[in-house]
*Asks:* 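I'd like to ask some things about the structure below.
In what follows, chains carry the letters A, B, and so on, assigned in the order in which the sequence lines appear, proteins first and then strands, with residues in each chain numbered from 1.
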Amino acid sequence: MLKDTQAAEVTPDRDGEEVTLAGWVHEIRDLGGIKFLLLRDRSGIVQITCPRQKVPEEVFEKVPKLKKESVIRVRGTVQANEQAPGGVEVIPEELEVLSESETHLPLDPTGKVDADLDTRLDARVLDLRREEPRAVFRIRDVVTTAIREFLEDRGFIEVHTPKIIASATEGGTELFPVVYFEQDAYLAQSPQLYKQMLMAAGFERVYEIGPIFRAEEHNTRRHLNEAISVDIEMSFIESEEDVMRVLEELLAHVFRRVTEECEEELKTLDVELPELETPFERLTYEETLDLLSEHGVEVEWGEDLPTEAERKLGEIFDEPIFITEWPRETRPFYTMAKDDEVTRAFDLMYQGLELASGAQREHRYEILVNQIKEQGLNPDDFKHYLEAFKYGMPPHGGWGLGLERTLMTITGMENIREVTLFPRDRKRLHP
RNA sequence: GCCCCGGCGGUGUAGCCCGGUCUAUCAUCCGGGCCUGUCGAGCCCGGGACCCGGGUUCAAAUCCCGGCCGGGGCGCCA
């Protein structure tokens, strides 16, 4: 390796040790006879101090000529010093430029001058060198790790379903067409039908953390055309309650893990995570409409909740809530009906955002075929899916949780693009 | 797709309402100089911009029209 020590590993107790560091030139402060160079790597920032008397002349001359954000490598000696930030600095013996940066950076990675989100996304690589975006993506990593940890513990196995699918769809959202040899194909809007097929395959508990693609021309701060969905599907449930419990416990676990492991990152973002208390409050769709009405928001029975209603719920409840018993007309064909009017479907709402939705699914072949017809779809288009229901399909259910939206609630980011490395929206396809 | 607001150096901005005095403000930045303890270093000198097209006018960063782009809201979104 080109280095043996990370910036954050340079601590006062290593006084006198020789270290080799490598990273980016964060800042240079040239005071004439003494020059300070801040070296940044993934772990943090360390000060390289160059007093004229103590460093080789060649190194001393090189420092003021360094460009900000160039990649350098420094060999030197650790020196505990109360005058230095963190009480420690490195006196260099050798300094090598591995890659020189151009001047006039598209934005300021030290964060002294703000940049608009659009400017930041255009120069995302430079933007990701900043502290806040790094905190966001370290949290994102802890979140997905915590999700895997939680689900694996409960016997779920991770699966990967196809992202290129044939023309037959669940209806609803628009799909992106792709060129697939001589056939019509689309990018998958959800792993729904495949994870159900895996229930028929006898896997009983599966999860997938993968991309979903939606060709809607939406233009909001909480929608992306490519997003990551955390999906589970689970067999032998008695009712949707069984999968709702997995969801609430999972979310509480994720919040706990982030609180434990991301103290620094949360501080950087200036957020404090609540401890989520389970079980979450449950309201039926009908109760929700009544409650909204009391708060001056009228929604007609059978309608999905408009944005205003979602936000109002976010104001009324501090904690996540489940909305259950959605009307049949608001839900897709594979949802199990509870009676003539409502289904066994639920949504998870938090901070005015729909984080997840799920349901017990219809596992009975005849009823399922009828529901496909009722929604104006053609059962022939679902031949391979329906096959799965003919040879023994357990009662089952599951949900899909939007990873980015979950991250918005954790990091406090108000634009979903902030929690996505390279977001894809109506206008943005680069970088 | 609709509504509101906006687009000025590399970045973030002041100026626009009420056209001229704008050879356009401030910070950061970039280049040069001074400085041996900076930590948003300081000081001195220099550099760099009015989104595009059309119109009104003696005169447009400023007013009008169109386009493109962006922000927010809404719609759309199993």
Side-chain angles (χ1 to χ4, degrees), chain A residues 26-38 45-55 60 64-65 67-69 79 81-89 101-123 126-127 130 169-175 188-193 196 212-225 227 229 231 303-311 326 328-335 343 345 347 354 356-359 361 371-372 375 377 398-400 402 405 414-415 417 425-428:
Chain A
H26 188 69
E27 262 184 278
I28 301 154
R29 298 196 190 100
D30 183 356
L31 277 67
I34 185 166
K35 303 178 198 306
F36 301 96
L37 161 60
L38 300 184
I45 293 172
V46 63
Q47 176 167 290
I48 314 293
T49 303
C50 312
R52 190 196 294 277
Q53 308 304 338
K54 293 191 189 165
V55 303
F60 190 80
K65 294 198 177 71
K67 309 278 189 228
K68 282 188 182 178
E69 296 303 315
Q79 189 163 86
N81 185 342
E82 282 185 10
Q83 287 168 290
V88 67
E89 59 197 6
S101 173
E102 285 186 19
T103 54
H104 279 115
L105 301 167
L107 50 76
D108 172 21
T110 66
K112 268 182 276 187
V113 180
D114 285 344
D116 292 336
L117 182 57
D118 189 52
T119 305
R120 291 174 41 206
L121 292 175
D122 280 341
L126 268 278
D127 182 52
R130 296 172 49 243
T169 75
E170 310 160 39
T173 193
E174 295 290 318
L175 301 182
Q189 63 176 118
S190 122
Q192 182 60 34
L193 305 186
Q196 285 191 264
I212 56 172
F213 304 92
R214 307 207 167 166
E216 298 294 336
E217 299 199 352
H218 35 48
N219 189 220
T220 78
R221 54 197 172 90
R222 59 190 185 285
H223 290 278
L224 290 170
N225 293 292
S229 174
D231 267 87
E303 296 291 307
D304 255 318
L305 297 186
T307 310
E308 188 195 4
E310 294 185 342
R311 296 205 172 179
W326 286 79
R328 297 181 68 156
E329 52 265 53
T330 65
R331 295 288 143 159
F333 66 82
Y334 48 76
T335 309
T343 62
D347 274 4
E354 180 191 328
S357 61
R361 324 297 188 188
Q371 291 190 2
I372 289 176
Q375 300 223 348
L377 299 167
W399 43 255
R405 287 189 176 182
E414 286 181 349
N415 192 313
R417 294 161 184 82
D425 62 35
R426 178 68 185 87
K427 294 278 174 68
R428 185 175 285 280

*Asks:* Is a donor on one side and an acceptor on the other found under 3.5 Å between the side chain of T330(A) and the backbone of D304(A)?
*Replies:* no

*Asks:* Provide the closest heavy-atom pair for T335(A) versus R331(A) in the form atom of the first, atom of the second, distance.
*Replies:* OG1-CB, 3.7 Å

*Asks:* Report the distance from atom CZ of R222(A) to atom C1' of C76(B), rounded to the nearest whole Å.
*Replies:*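 In whole Å, C76(B) C1' lies 11 Å from R222(A) CZ.
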
*Asks:* Please classify the nucleic acid contact of T220(A) as base, sugar-phosphate, or nothing, using heavy-atom distances under 4.0 Å.
*Replies:* base

*Asks:* Please report the shortest heavy-atom distance between R222(A) and R405(A), naming the atom on each side.
*Replies:* O-NH2, 3.0 Å

*Asks:* So which nucleotide does C26(B) pair with, by the Watson-Crick or G-U wobble rule with both distances under 3.5 Å?
*Replies:*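 Its partner is G12(B) (Watson-Crick or G-U wobble, both distances under 3.5 Å).
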
*Asks:* For C18(B), what is the paired nucleotide under Watson-Crick or G-U wobble rules, both distances under 3.5 Å?
*Replies:*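 The answer is none; no pair meets the criterion.
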
*Asks:* Which value, in whole Å, describes the distance between the P atoms of nucleotides C43(B) and C26(B)?
*Replies:* 14 Å

*Asks:* Select from H218(A) and R331(A) the residue whose nearest nucleotide in RNA chain B is closer to the 5' end of that strand.
*Replies:*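 Result: H218(A).
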
*Asks:* Report yes if at least one side-chain N or O of N415(A) is closer than 4.0 Å to OP1 or OP2 of G72(B); otherwise report no.
*Replies:*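 True: N415(A) side-chain N/O within range (under 4.0 Å) of G72(B) OP1/OP2.
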
*Asks:* Let me have a per-nucleotide readout for nucleotides 24-31 of chain B, 5' to 3', with B, S or -, counting only protein heavy atoms under 4.0 Å.
*Replies:* ----SSSS

*Asks:* Rounded to whole angstrom, note down the P distance from U23(B) over to A60(B).
*Replies:* 12 Å

*Asks:* When you measure from the side chain of E89(A) to the backbone of C50(A), do you find a donor-acceptor pair of N or O atoms at a distance under 3.5 Å?
*Replies:* no

*Asks:* Quick one, K65(A) with D30(A), criterion salt bridge (charged side-chain N to carboxylate O under 4.0 Å, His left out). Give me CA distance, side-chain angles, the key distance, then yes/no.
*Replies:* CA-CA 10 Å; K65(A) 294 198 177 71; D30(A) 183 356; over 6 Å; no

*Asks:* If the C1' atom of G48(B) is compared with that of A24(B), how far apart are they to the nearest Å?
*Replies:*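 About 13 Å, rounded to a whole number of Å.
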
*Asks:* For A78(B) and S357(A) - does any side-chain N or O of the residue sit under 4.0 Å from the phosphate oxygens OP1/OP2?
*Replies:* no

*Asks:* When the C1' atoms of C50(B) and G7(B) are considered, how many whole Å apart are they?
*Replies:* 10 Å

*Asks:* Give me the atom names and distance for the closest heavy-atom approach of E216(A) to N225(A).
*Replies:* O-OD1, 2.9 Å

*Asks:* For A49(B) and G12(B), measure between their C1' atoms and round to the nearest Å.
*Replies:*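 Here A49(B) and G12(B) have their C1' atoms 13 Å from each other.
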
*Asks:* Tell me whether R361(A) contacts the main-chain N or O of G398(A) through its side chain, where contact means a donor paired with an acceptor under 3.5 Å.
*Replies:*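 Checking the backbone N and O of G398(A) against the side chain of R361(A), a donor-acceptor pair under 3.5 Å is found.
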
*Asks:* For C74(B), take OP1 and OP2 only and decide whether either is under 4.0 Å from a side-chain N or O of R311(A).
*Replies:*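 Yes, such a contact exists.
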
*Asks:* Please test Q192(A) against Q196(A) for side-chain hydrogen bond (donor to acceptor under 3.5 Å, both in side chains), starting from the C-alpha separation and ending with a verdict.
*Replies:* CA-CA 6 Å; Q192(A) 182 60 34; Q196(A) 285 191 264; 3.1 Å; yes

*Asks:* Between R214(A) and Q189(A) (side chain of the first, backbone of the second, donor and acceptor by atom type, cut-off under 3.5 Å), is there such a pair?
*Replies:*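 Yes, R214(A) side chain to Q189(A) backbone: donor-acceptor pair under 3.5 Å.
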
*Asks:* Going 5' to 3' along nucleotides 32-37 of chain B, which nucleotides have protein heavy atoms under 4.0 Å from the base (write B), which only from the sugar-phosphate (write S), and which from neither (write -)?
*Replies:* ---BBB

*Asks:* Could you check how far CG of N219(A) sits from P of C3(B), rounded to whole Å?
*Replies:* 14 Å

*Asks:* A14(B) and C8(B): how far apart are their C1' atoms, nearest whole angstrom?
*Replies:* 10 Å

*Asks:* Can you check the D114(A) CG to G40(B) P distance for me, whole Å?
*Replies:*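 In whole Å, G40(B) P and D114(A) CG are 17 Å from each other.
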
*Asks:* When the distance from CD1 of I212(A) to P of C77(B) is rounded to whole Å, what number comes out?
*Replies:* 15 Å

*Asks:* Between R120(A) (CZ) and G70(B) (C1'), how many Å, whole number?
*Replies:* 14 Å

*Asks:* To the nearest angstrom, how far is D116(A) atom CG from G71(B) atom C1'?
*Replies:* 8 Å

*Asks:* May I have the step-by-step check of side-chain hydrogen bond (donor to acceptor under 3.5 Å, both in side chains) for S101(A) and E69(A), ending in yes or no?
*Replies:* CA-CA 6 Å; S101(A) 173; E69(A) 296 303 315; over 6 Å; no

*Asks:* Please name the nucleotide paired to G6(B) by Watson-Crick or G-U wobble geometry with both distances under 3.5 Å, or report none.
*Replies:* C69(B)

*Asks:* Using the P atom as the reference point in each nucleotide, state the distance between U25(B) and C16(B) in Å, no decimals.
*Replies:*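 These two P atoms come out 15 Å apart once rounded.
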
*Asks:* Distance check needed: C76(B) C1' versus N225(A) CG, whole Å only.
*Replies:*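 After rounding, the reported distance stands at 12 Å.
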
*Asks:* Quantified in whole Å, what is the C1' atom distance between nucleotide U13(B) and nucleotide C29(B)?
*Replies:* 14 Å

*Asks:* One thing to verify: whether R428(A) and D118(A) come together as a salt bridge, which I'm taking to mean a side-chain N less than 4.0 angstrom from a carboxylate O.
*Replies:* yes

*Asks:* Tell me: CD of E303(A) to P of G75(B), nearest whole Å?
*Replies:*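 In whole Å, G75(B) P lies 11 Å from E303(A) CD.
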
*Asks:* OP1 or OP2 of G71(B) less than 4.0 angstrom from a side-chain nitrogen or oxygen of R221(A), does that happen here?
*Replies:* no

*Asks:* Identify the nucleotide, in any strand shown, that forms a Watson-Crick or G-U wobble pair with C74(B), with both distances under 3.5 Å; if there is none, say none.
*Replies:* G1(B)

*Asks:* Using a distance-only criterion (donor-acceptor N/O pair, under 3.5 Å, no hydrogens), is the base of A78(B) paired with the side chain of R214(A)?
*Replies:* yes

